[in-house]
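Take a look at the structure set out below.
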2 protein chains.
Amino acid sequence: MERTADFVNDRVETMIRRCREAGMNVTPQRIAIYRALVGSTEHPSPEMLFNSVSRTMPSLSLATIYKTLETLETIGLVREIPVTGDRKRFDAILEDHHHLICNVCGSVGDYHDESLDALPPRRRLGGFVPHAVSVNVFGVCVKCREAASH
Amino acid sequence: MERTADFVNDRVETMIRRCREAGMNVTPQRIAIYRALVGSTEHPSPEMLFNSVSRTMPSLSLATIYKTLETLETIGLVREIPVTGDRKRFDAILEDHHHLICNVCGSVGDYHDESLDALPPRRRLGGFVPHAVSVNVFGVCVKCREAASH
DNA sequence: ATATATGCAAAGCTTTTGCTGAAGA
DNA sequence: TCTTCAGCAAAAGCTTTGCATATAT
């Protein structure tokens, strides 16, 4: 939870509206999972979400996390992000932005750059029809750099 | 196998040299797996490599594919590429290039663009030290577009 | 009241690991 | 000859699925 309460509440309201429009039930689990995801900047895995949400909702099951993420993905509220490694990672921020991926610890941070947002090739690429562009910058994050210098 | 024989042979020679330099044995399995990977443009998963290489080397095991990919990755001959989905995908082409990812069938194609190669932020990004940049363009590939129009 | 979702447990897949025999240097 | 590797089978880990109960509308 690293974003402002106003931002998160705004997004949650939208999410509730979109669920109703899609004819889906609005359950406490769905709200809590979405709230945790939209409030986080670490692009959590299902397990990370489970650990954080189940603190306040101890009956929550990991299966519900998976089902909810898939459901929210189908109505365009959540997306899986491309990463290497063993766990899936998700994002609830769908606006153009890019990712800083740490080669040491695997953390995924956000990175905003309008010059990159502008670069999506809107033209066709040899028959491939582009919809969206995602830039991954690989390197070493602040924490790992500091840890290495000790 | 979609690249020229000369290109592939060249890379395989380099790979053999690098293995020796690293004090590793050069086995038929390692050569065959690397050859299949460097000769492919589809960024194969371990299973895809297994299917293609075991045609000519029936005794090959999937475990060897995994072990070999990891070994080759540690000496910088291979890398895992960031994708969504259930399977890992690998690339033996380490030079700057980017990926066209099909939202329909999950295929991963190459995409070369010098203007993108130039954009890696060489400066630090708020403490994050960038090493490499990878651009993923999501969209619909030629095959899926054609299939959809029938 | 009815349709939908949750939670549990089991199953399914991909990936990893341990060990023994085989092969490279 | 000595070290490293391949293959097998078993284990481990993440994700999905089926079903009964609980909940949203």
Per [X] side chain, nearest of listed nucleotides [options]:
{"X": "K67(B)", "options": "dC5(D), dG18(C), dC8(C)", "value": "dG18(C)"}
{"X": "A63(A)", "options": "dT4(D), dA5(C), dC8(C)", "value": "dC8(C)"}
{"X": "N25(B)", "options": "dC14(D), dT4(D), dT6(C)", "value": "dT4(D)"}
{"X": "P28(B)", "options": "dA5(C), dC8(C), dG24(C)", "value": "dG24(C)"}

5′-ward residue of the pair D86(A)/T71(B) relative to DNA chain D |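 The residue closer to the strand's 5' end, by nearest nucleotide, is T71(B).
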Pick the nucleotide of DNA chain D nearest each of M57(B) and G23(B); which residue has the one closer to the 5' end?
-> G23(B)
Can you check the [X] [atom1] to [N] [atom2] distance for me, whole Å?
{"X": "M24(A)", "N": "dA24(D)", "atom1": "CE", "atom2": "P", "result": "14 Å"}
{"X": "F50(B)", "N": "dA6(D)", "atom1": "CZ", "atom2": "P", "result": "14 Å"}
{"X": "I65(A)", "N": "dG13(D)", "atom1": "CD1", "atom2": "P", "result": "20 Å"}
{"X": "E70(A)", "N": "dT15(D)", "atom1": "CD", "atom2": "P", "result": "13 Å"}
{"X": "M48(B)", "N": "dC13(C)", "atom1": "CE", "atom2": "P", "result": "19 Å"}
{"X": "L69(A)", "N": "dT16(D)", "atom1": "CG", "atom2": "C1'", "result": "13 Å"}
{"X": "Y66(A)", "N": "dG13(D)", "atom1": "OH", "atom2": "P", "result": "13 Å"}
{"X": "L62(B)", "N": "dT15(C)", "atom1": "CG", "atom2": "C1'", "result": "8 Å"}

Separation of [Y] [atom2] from [X] [atom1] (nearest 0.5 Å):
{"X": "N136(B)", "Y": "L100(B)", "atom1": "CG", "atom2": "CG", "answer": "9.0 Å"}
{"X": "L72(A)", "Y": "L37(A)", "atom1": "CG", "atom2": "CG", "answer": "8.5 Å"}
{"X": "I75(B)", "Y": "L77(B)", "atom1": "CD1", "atom2": "CG", "answer": "4.0 Å"}
{"X": "T71(B)", "Y": "M24(B)", "atom1": "OG1", "atom2": "CE", "answer": "5.5 Å"}

At under 4.0 Å between heavy atoms, what does S45(B) touch on the DNA or RNA strands: base, sugar-phosphate, or nothing?
->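 Nothing, no heavy atom under 4.0 Å.
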Taking only N and O in the side chain of [X], is any of them less than 4.0 Å away from OP1 or OP2 of [N]?
{"X": "T27(A)", "N": "dT6(C)", "value": "yes"}
{"X": "R87(A)", "N": "dG13(D)", "value": "no"}
{"X": "Q29(A)", "N": "dA24(D)", "value": "no"}
{"X": "R20(A)", "N": "dT25(D)", "value": "yes"}

Has E42(B) got more than 12 heavy atoms of other residues, nucleotides or ligands less than 6.0 Å from its CD?
->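 Count over threshold, so yes.
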Answer whether the closest heavy-atom distance between the side chains of H43(B) and D110(B) falls below 4.5 Å.
-> yes
Identify, between P46(B) and S59(A), the residue whose nearest nucleotide on DNA chain C lies closer to the 5' end.
-> S59(A)
Is there a donor on the side chain of K88(A) or the base of dG13(D) sitting less than 3.5 Å from an acceptor on the other?
-> no
